[in-house]
Amino acid sequence: MEELAIEHKIISKSILATDGKIRIIKLELLAPIIAKNYLPGQFVILMVTQNGERIPLTIVDTDTTRGTITIIFQEIGYTTKLLGNLSPQQNIYHLLGPLGKPTEIKNFGKVIIIGGGVGAAEIYPVAKSLKSVGNKIITILGARTKNLVLLEPELRKVSDEVYVTTDDGSYGEKGVVTDVLKKLLTQNEQPNLVYAVGPIVMMRAVAEVTKPFGIQTIVSLNTIMVDGTGMCGSCRVTIEGKIKLVCCDGPEFDAHKVDWEELIKRNNIYISQEKEILEWYKL
Ligand code: FAD
Ligand code: FES
Ligand code: MG
């Protein structure tokens, strides 16, 4: 884990998607030691400013020659908006990683990979790695509307089939990712693995669809995190009745064993403070 007091400069920035209100931003950060030690499925915890909070973001790509890592995030609240307002050549205050257990990369056979919203960015490194070891990759991408569909060209390059759904029907099929998943499971030969990242309600819905078919289903959980090293307990989840810490035991877990109700409650703990700070700063 990199904990050195070196500068984490923003090398490049681009706005990947926006619907006029929400922006999804890609940043390339100078972080040579994290880039060198990273494995797919891992994440960083960063602080934008010295007095700010710590937030986890998935490492989407690395370039070991340039010594950079790429993160993609949705400006959802105070800290992600602060991060999104930085420009190339500016530094972020602190960066820790790579954190979490890496994804198991092996030849499962046929894998359905599902990304909802900004989860599309989080599935990209996993799809790329699973494809490189010979899996057949079927990708399902979901977004609220056409302008928020993320990384479709990149995911097409590493997938055998790609399906896109939008809530408003402005692109791809009108509906949600589980509509396509249900169709694929009833029509086709079944996959050996389903891997899903997105909003908690989407991951829970995926788990409900695959459970009756007995298909192994992995989700990457987005709990609230503070230290990212197992000390604060804020990322606690219950998996098959046992307490686990998402930052060290995860972030990936068997979707059929997650206590989803508890996870939803715990992720909403600070919702009134999160709204208050946005109103306070008129963001
Ligand atoms: P807030 O208004 O403070 O919070 C909005 C919502 O984000 C909250 O209701 C809560 O559900 C969640 N959240 C708030 N604080 C935290 C926190 N400290 N830790 C985790 N969740 C929090 N988002 C991306 O856009 N791209 C990613 O690649 C990505 N990867 C993630 C990987 C992991 C392992 C985890 C756990 C989360 C990831 N997230 C990712 C979610 C991201 O951390 C939150 O969107 C971010 O922390 C919100 O902060 P905020 O201050 O802007 O919003
Ligand atoms: Fe503190 Fe996991 S983030 S224990
Ligand atoms: Mg916040």
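What you see below is based on every heavy atom in this structure, not just the backbone, and it leaves out hydrogens, waters and symmetry mates. First listed ligand is number 1; within each ligand, the first listed atom is number 1.
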Basic-acidic side-chain contact under 4.0 Å: D61, K128: yes
Part of R54 with heavy atoms under 4.0 Å of ligand 1, whether side chain, backbone, both or neither: backbone
Heavy-atom pair with the smallest gap, counting every atom of I45 and G228: CD1-CA, 3.6 Å
Verdict with reasoning, K146 to D19, per salt bridge (Lys or Arg N to Asp or Glu O under 4.0 Å): CA-CA 9 Å; K146 183 180 180 186; D19 65 350; over 6 Å; no
Test: E154 and R156 ion pair at under 4.0 Å: no
N/O separation below 3.5 Å, P56 to ligand 1: yes
Polar proximity ligand 1 side, I76 side, N/O cut 3.5 Å exclusive: no
Ion pair K183/E173, N-O distance below 4.0 Å: yes
C247 near atom 2 (Fe) of ligand 2 via N/O/S, less than 2.8 Å: yes
Part of F73 with heavy atoms under 4.0 Å of ligand 1, whether side chain, backbone, both or neither: both
Which of the ligand 1 atoms, numbered from 1, are nearer than 4.0 Å to a heavy atom of N267: 9 (O), 10 (C), 11 (O)
SB check E75 R23 (cutoff 4.0 Å): yes
Polar atom proximity, G77 to ligand 1 (N or O, under 3.5 Å): yes
Distance filter under 4.0 Å to I55 heavy atoms, resulting ligand 1 atoms: 47 (O), 49 (O)
Y195 side chain to E252 side chain, donor-acceptor N/O pair below 3.5 angstrom: yes
Electrostatic pair E261-R204, nearest N-O below 4.0 angstrom: yes
Atom 3 (O) of ligand 1 - nearest protein heavy atom and its distance: E274 CG, 3.2 Å
Lys/Arg N to Asp/Glu carboxylate O, K174 vs D179, below 4.0 Å: no
Within-cutoff protein neighbour (heavy atom, under 4.0 Å) for atom 23 (N) of ligand 1: yes
Exceeds 12 heavy-atom contacts within 6.0 angstrom, atom NZ of K110: yes
Per-atom contacts, ligand 2 versus G228 - under 4.0 Å to a heavy atom: 1 (Fe), 3 (S)
E28 with R66: basic N within carboxylate O range, under 4.0 Å: yes
Heteroatom of D227 nearest to atom 1 (Fe) of ligand 2 (N, O or S, atom name): OD1
Contact (N/O only, under 3.5 Å) between T79 and ligand 1: yes
Numbered atoms of ligand 2 (with element) below 4.0 Å of M231, judged on heavy atoms: 4 (S)
Nearest protein heavy atom under 4.0 Å from atom 12 (C) of ligand 1, yes or no: no
Mode of V118 contact toward ligand 1 - side chain, backbone, both, neither (heavy atoms, under 4.0 Å): side chain
Test of proximity, I72 against ligand 1: N or O pairs below 3.5 Å: yes
Atom of E53 closest to the Mg ion (ligand 3), considering N, O or S atoms: OE2
Check: K81 N/O within less than 3.5 Å of ligand 1 N/O: no
Polar atom proximity, T58 to ligand 1 (N or O, under 3.5 Å): yes
Ligand-residue contact atoms, ligand 1 with L57, heavy atoms, under 4.0 Å: 23 (N), 24 (C), 26 (N), 27 (C), 29 (C), 30 (N), 31 (C), 40 (C)
Non-hydrogen side-chain atoms of P56 and L99 separated by less than 4.5 Å: no
Steps toward side chain to side chain contact (heavy atoms under 4.5 Å, CB included) verdict (M203, W260): CA-CA 9 Å; M203 294 191 283; W260 294 103; 3.6 Å; yes
Ligand-residue contact atoms, ligand 2 with G230, heavy atoms, under 4.0 Å: 4 (S)
Minimum non-hydrogen distance to atom 18 (N) of ligand 1, winning option of R266, M225, E122: M225
Shortest protein contact, atom 51 (O) of ligand 1 (heavy atom only): E53 OE2, 2.7 Å
Contact atoms of ligand 1, heavy-atom distance to T223 under 4.0 Å: 19 (N), 20 (C), 21 (N), 36 (C)
Atom 2 (Fe) of ligand 2 to nearest N/O/S of C232 below 2.8 Å: no
Taking atom 4 (S) of ligand 2 as the reference point, the nearest protein heavy atom with its distance: G233 N, 3.1 Å
Expected output: side-chain D227 to main-chain M231 donor-acceptor under 3.5 Å: yes
Ligand-residue contact atoms, ligand 1 with F43, heavy atoms, under 4.0 Å: 34 (C)
